[in-house]
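This is a predicted model, so every value here is computed, not measured.
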Amino acid sequence: VQLQASGVGLVQAGGSLRLSCAASGVTFSTYAMGWFRQAPGKEREFVASISASGRTTYYTDSVKGRFTISRDNAKNTVYLQMNSLKPEDTAGYYCASAPWLSRSPVSYNYWGQGTKVTVSS
């Protein structure tokens, strides 16, 4: 199983960026997908997740109303649209797959390599 994230970016505060994560080697449409992030010196934290069907989504409070997770099962790809970015959103962002929808990283069995997002003030 491979999860390939893309969308490395340097943006100014208030700007937008869309991350993509393409999956291969897995029956994508049967897995929930999640995005996590890890800032330097901090633990990895949950950002958003989406059910296999795409009908249910979870967000951490700090990104609600600014970030949107979505998926295209025909393209085996999950997206994270990030708007109104803040310097505190600066982190490495990781996509991951899980057999069920979850906010906990321990539920996720496959992880992408991470993509860096830097938001300047």
Side-chain angles (χ1 to χ4, degrees):
V1 177
Q2 285 192 328
L3 300 177
Q4 183 68 43
S6 60
V8 174
L10 172 62
V11 298
Q12 290 187 333
S16 297
L17 189 64
R18 189 175 82 157
L19 304 182
S20 301
C21 175
S24 59
V26 63
T27 307
F28 182 76
S29 61
T30 66
Y31 280 82
M33 298 296 296
W35 286 97
F36 294 78
R37 66 187 179 185
Q38 187 169 18
K42 295 188 177 181
E43 293 186 354
R44 189 169 296 187
E45 66 170 346
F46 169 77
V47 176
S49 59
I50 187 168
S51 62
S53 67
R55 285 193 289 266
T56 303
T57 57
Y58 294 157
Y59 296 94
T60 192
D61 287 346
S62 63
V63 308
K64 284 181 181 177
R66 299 190 299 121
F67 291 11
T68 302
I69 188 171
S70 62
R71 65 190 296 158
D72 185 338
N73 285 347
K75 296 183 178 179
N76 286 4
T77 301
V78 62
Y79 306 96
L80 185 68
Q81 177 67 43
M82 304 185 293
N83 299 329
S84 302
L85 282 161
K86 304 176 181 180
E88 51 263 44
D89 294 319
T90 295
Y93 282 73
Y94 299 83
C95 61
S97 64
W100 54 79
L101 185 61
S102 174
R103 294 179 177 91
S104 173
V106 299
S107 300
Y108 290 79
N109 46 8
Y110 296 107
W111 291 80
Q113 84 285 4
T115 184
K116 186 175 181 180
V117 172
T118 303
V119 184
S120 63
S121 58

Asks: Work out which heavy atom in Met33 is nearest to a heavy atom in Cys21; give both atom names and the distance.
Replies: CE-SG, 4.5 Å
Asks: Would you say CD of Gln81 has more than 12 non-hydrogen atoms from neighbouring residues, nucleotides or ligands within 6.0 angstrom?
Replies: yes
Asks: Could you point out which residue of Ile69, Leu19, Ile50, Asp72 forms a side chain to side chain contact (heavy atoms under 4.5 Å, CB included) with Tyr79?
Replies: Asp72
Asks: About how many Å separate CG of Asn109 and OH of Tyr31, when rounded to the nearest 0.5 Å?
Replies: 5.5 Å
Asks: With side-chain contact (heavy atoms from CB on, under 4.5 Å) as the criterion, how do Trp111 and Leu3 come out once you've worked through the C-alpha distance, each side chain's angles and the decisive distance to 0.1 Å?
Replies: CA-CA 6 Å; Trp111 291 80; Leu3 300 177; 5.5 Å; no
Asks: If you compare all heavy atoms of Ser16 against all heavy atoms of Asn83, which two are closest, and at what distance to 0.1 Å?
Replies: OG-OD1, 2.9 Å
Asks: Can you tell me how far CG of Leu17 sits from OH of Tyr93, rounded to the nearest 0.5 angstrom?
Replies: 9.0 Å
Asks: Judged by atom type as modelled, is there a donor-acceptor pair below 3.5 Å linking the side chain of Thr115 to the main-chain atoms of Ser6?
Replies: no
Asks: With hydrophobic residues grouped by side-chain heavy-atom distances under 4.5 Å, do Val26 and Leu101 end up in a single group?
Replies: no
Asks: With rounding to the nearest 0.5 Å, note down the distance linking OH in Tyr94 to CH2 in Trp35.
Replies: 11.5 Å
Asks: Test side-chain contact (heavy atoms from CB on, under 4.5 Å) on Val78 and Phe28; report intermediate values, then the result.
Replies: CA-CA 10 Å; Val78 62; Phe28 182 76; 4.3 Å; yes
Asks: Locate the shortest heavy-atom distance separating Ala98 from Ser107; write the atom from each residue and the value.
Replies: CB-O, 3.4 Å
Asks: Would you compute the distance between atom CZ of Arg18 and atom CE of Met82 and round it to the nearest 0.5 angstrom?
Replies: 11.0 Å
Asks: Looking only at heavy atoms, which two atoms of Arg71 and Ser29 are closest? And how far apart?
Replies: NH2-CA, 4.2 Å
Asks: For the rings on Phe46 and Phe36, is their centre-to-centre separation under 6.0 Å?
Replies: yes
Asks: Given 3.5 Å as the limit, does a donor-acceptor pair link the side chain of Ser51 with the main chain of Thr56, or not?
Replies: yes
Asks: Are Asp89 and Lys86 close enough for a salt bridge, meaning some N to O gap below 4.0 Å?
Replies: no
Asks: Just verifying a value: how many Å separate Ser20 OG and Leu80 CG, rounded to the nearest 0.5 Å?
Replies: 9.5 Å
Asks: Distance check, rounded to the nearest 0.5 Å: Gln38 atom CD versus Glu45 atom CD?
Replies: 9.5 Å
Asks: Please confirm whether the backbone N or O of Gly112 pairs with a side-chain atom of Gln4, one donor and one acceptor, at under 3.5 Å?
Replies: no
Asks: Search all heavy atoms of Ser84 against all heavy atoms of Arg66 and return the closest pair with its distance.
Replies: O-NH1, 2.9 Å
Asks: Between Thr77 and Lys75, is there a donor-acceptor pair closer than 3.5 Å when you use the side chain of the first and the backbone of the second?
Replies: yes
Asks: What heavy-atom pair brings Ser49 and Tyr108 nearest, and what distance separates the two atoms?
Replies: CB-OH, 3.3 Å
